[in-house]
Amino acid sequence: MTESAAPGEDFIPAGLAALGIEADETDLAVMAAFHALLWPPLTELLALDTADVEPEHCPDLSRGPE
Amino acid sequence: MSEPLDLGLRAQATAIAAGELDPGELLDAALARIEQRNPALNAVVETFPERSREMLAAAPEGPLRGVPLVIKDEWPLPWRAQRFGAAELMAPTAPGESGPYRALRDAGATIVGVGNMHELGAGSTGAISYYGAAHNPWNIERCPGGSSSGPAASVAGGLVAGAVGADGLGSVRFPAAYCGLTGLKPTFGRSAMEGHHMAALTSLIVSGPLCADAADCRLLASVLYGSELAAGDAAGLRIGVVRDAVSEDVTPEQAAACSGAIEALVAETGGELREIELPNLEAATLAAILIINSEDMSGATPEKLNRLSPELSPIARGTLKYRMLLPAAATAQAQRVRTLMRRRLAGLFADVDVIAWPTIPAPAPPLEAPLVELPSGTHSADQANVRGAALANLTGIPAISAPVGLSGDGLPLALQLQAAWGADELLLDAAEALERANGRRWVDAAPPVSAPTEA
């Protein structure tokens, strides 16, 4: 996969077809633009090593972590 | 006395309580002001004079008795369901008594209108709405900020002295910053949320006040919290600053205004400045986006997405469908990042009282093309703005935006302060200290009020 990754031309139509979601050309253009913005940081997020982050059990967001 | 409608929130409330100001006349003045100025601002999308007068007639002796306010189109009222700035929502809505409505009613306030908002709450500019864009009173060609665009434009435009917004990814703080107001994003769970169509789902959205200054925000926040937020003095404030894109990839004017404000705040409080490190801010921003997307889409189905209203904007239609494709593993990872950042912040708040950085990287961009020019290049305002706001929503901490200057072309600049969970009062104290430090120059600055446009 190239660094620009974001293979929206494959990912988006395939994903929509799998879910049975219809999209016209305008929808696809918006989705491609959103995908190009979101996908690179999303892959970086997925690559982040969080194995040593002990999950919070039912975190109470009104307070700091226990 | 100047025009009563031009008094601040607490001044209006005090004058009414003292019998110096007739609340019926104030309501009539607010309705007349909306009729006069709203055509240029599009800040208020609906008024209901009879309902407002009924509220006033039944108003109890509360802290806001007789004070007219605007509430964002994100909350149901007994006579009106919220539209969320959109032709269609993924969740059902109906008229009802929302938490903010009850809080305002029980405080004696009069809801005079519903404030415009960015479509589906999904933008930081206010440039897209089912009702048409709201306009910034400082320059009606500029974005008012979003998603609480109408509440901010209502207060900055002098239609009312206070408004209730909501903040899921900066939606109180951005419009406060663009419109030269003070806006508080409460600690998660402290302010009224009942009746919101996502109240049971969201882990990010809170209701919050937008007013001219911190003391007015304190008054309105106390009503929304259901308990008085006591005032302190922020003495010895320890201010943490981050040398990162969030504070450095900003316009020179914004950087200078925020640096000057931080220095003034240190001097005013006898505090100190500490450089801190807060890695993974970009991951935190994306984590917040992924989590709010997943919560927002919980009612969506392929069938619903195939029957979206043609009145939704093309951006909303495309992004709603795209959100269905986001991998669940990314949202799970986002929750891990949330935990990571909450622990980091808990450690940092042992050493500093507040973390300061610019609320927005650049002042309000043109409505026609909401782009901002930053040292790193040209970005959409949404993309640039969110990185300074998402951390507070992701982790639950409170944050406040305060005006700290004007750009060369007369647009507000703003500083954001964030504090530990439950330290909302300290943020208000710090914002008041900042006002003292700059002689209230920026909270008292008034925008050029636009004349009504011809229909």
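Here is the naming used below: chain letters follow the sequence lines, and residue numbers restart at 1 for every chain. Worth knowing before you read on, the calculation uses all heavy atoms, side chains too, and leaves out hydrogens, waters and symmetry mates.
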Participant: Non-hydrogen atoms of chain B under 4.5 Å away: do they reach the side chain of T50(A), the backbone, both or neither?
Facilitator: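 Contact with chain B: backbone and side chain both.
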
Participant: Measure distances from A329(B) to the heavy atoms of chain A and classify the residue's part below 4.5 Å as side chain, backbone, both or neither.
Facilitator: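 For A329(B), the contact with chain A is made by backbone and side chain together.
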
Participant: Taking every heavy-atom pair that is under 4.5 Å apart, which of D24(A), L46(A), L38(A), L28(A) has the most such pairs with chain B?
Facilitator: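 Highest number of heavy-atom pairs under 4.5 Å: L46(A).
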
Participant: Given that the side chain runs from C-beta out, which part of Q383(B) has a heavy atom under 4.5 Å from chain A: side chain, backbone, both or neither?
Facilitator: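 For Q383(B), side-chain heavy atoms alone lie under 4.5 Å from chain A.
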
Participant: Starting at CZ of F34(A), measure out to CG of L326(B) and round the result to the nearest 0.5 Å.
Facilitator: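 Atom-to-atom, F34(A):CZ and L326(B):CG are 7.0 Å apart.
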
Participant: Below 4.5 Å, heavy-atom pairs only: which of S203(B), G189(B), A332(B) has the largest tally toward chain A?
Facilitator: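 The candidate making the most pairs under 4.5 Å is S203(B).
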
Participant: Return the option, out of L16(A), D52(A), T26(A), with the maximum number of heavy-atom pairs under 4.5 Å with chain B.
Facilitator: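 Of the options given, most contacts go to L16(A).
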
Participant: Report the option among T319(B), T301(B), L308(B) that has the most heavy-atom pairs separated by less than 4.5 Å from atoms of chain A.
Facilitator: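 Heavy-atom pairs under 4.5 Å are most numerous for T319(B).
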
Participant: Output the distance between atom CE (M31(A)) and atom CG (L320(B)), rounded to the nearest 0.5 Å.
Facilitator: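 M31(A) CE to L320(B) CG: 10.0 Å, rounded to 0.5 Å.
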
Participant: With a cut-off of 3.5 Å and sequence neighbours excluded, list every side-chain donor-acceptor pair involving residues 277-290 of chain B.
Facilitator:
{"residue": "N280(B)", "atom": "OD1", "partner": "R344(B)", "partner atom": "NH1", "Å": "2.8"}
{"residue": "N280(B)", "atom": "OD1", "partner": "R344(B)", "partner atom": "NH2", "Å": "3.3"}
{"residue": "T285(B)", "atom": "OG1", "partner": "L281(B)", "partner atom": "O", "Å": "3.1"}

Participant: Would you mind telling me which of L61(A), V30(A), L37(A) has the largest number of heavy-atom pairs within less than 4.5 Å of chain B?
Facilitator: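 Heavy-atom pair counts peak at L61(A).
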
Participant: Does D60(A) have any side-chain hydrogen bond (donor to acceptor under 3.5 Å, both in side chains) partners at least two apart in sequence or in another chain, and if so, which?
Facilitator: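 For D60(A), the residues satisfying side-chain hydrogen bond (donor to acceptor under 3.5 Å, both in side chains) (neighbours in sequence not counted) are S62(A), R63(A).
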
Participant: Determine the option with the most heavy-atom pairs under 4.5 angstrom with chain A, choosing from V206(B), N306(B), T339(B).
Facilitator: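 Max contact count across the listed options: N306(B).
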
Participant: Report which part of R342(B) has an atom under 4.5 Å of a heavy atom belonging to chain A: side chain, backbone, both, or neither.
Facilitator: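 Both backbone and side chain of R342(B) come within 4.5 Å of chain A.
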
Participant: Please report the interatomic distance CD(Q335(B)) to CD(E56(A)), rounded to the nearest 0.5 Å.
Facilitator: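 One finds 9.5 Å between CD of Q335(B) and CD of E56(A).
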
Participant: Enter the distance from L305(B):CG to L19(A):CG here, rounded to the nearest 0.5 Å.
Facilitator: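 Result: 9.0 Å between the selected atoms.
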
Participant: Search all heavy atoms of E54(A) against all heavy atoms of R343(B) and return the closest pair with its distance.
Facilitator: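 Residues E54(A) and R343(B), closest heavy atoms: O-NH1, 2.6 Å.
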
Participant: Non-hydrogen atoms of chain B under 4.5 Å away: do they reach the side chain of A14(A), the backbone, both or neither?
Facilitator: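 Contact with chain B involves no heavy atom of A14(A) at all.
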
Participant: At a heavy-atom distance under 4.5 Å, which candidate from P398(B), G318(B), G396(B) has the highest pair count against chain A?
Facilitator: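 Going by pairs under 4.5 Å, I would pick G318(B).
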
Participant: Would you mind checking which part of P327(B) comes under 4.5 Å of any heavy atom in chain A, side chain (CB onward), backbone (N, CA, C, O), both or neither?
Facilitator: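 Contact with chain A: side chain only.
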
Participant: Got a second to check how far I21(A)'s CD1 is from E303(B)'s CD, nearest 0.5 Å?
Facilitator: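 These two atoms lie 12.0 Å from each other.
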
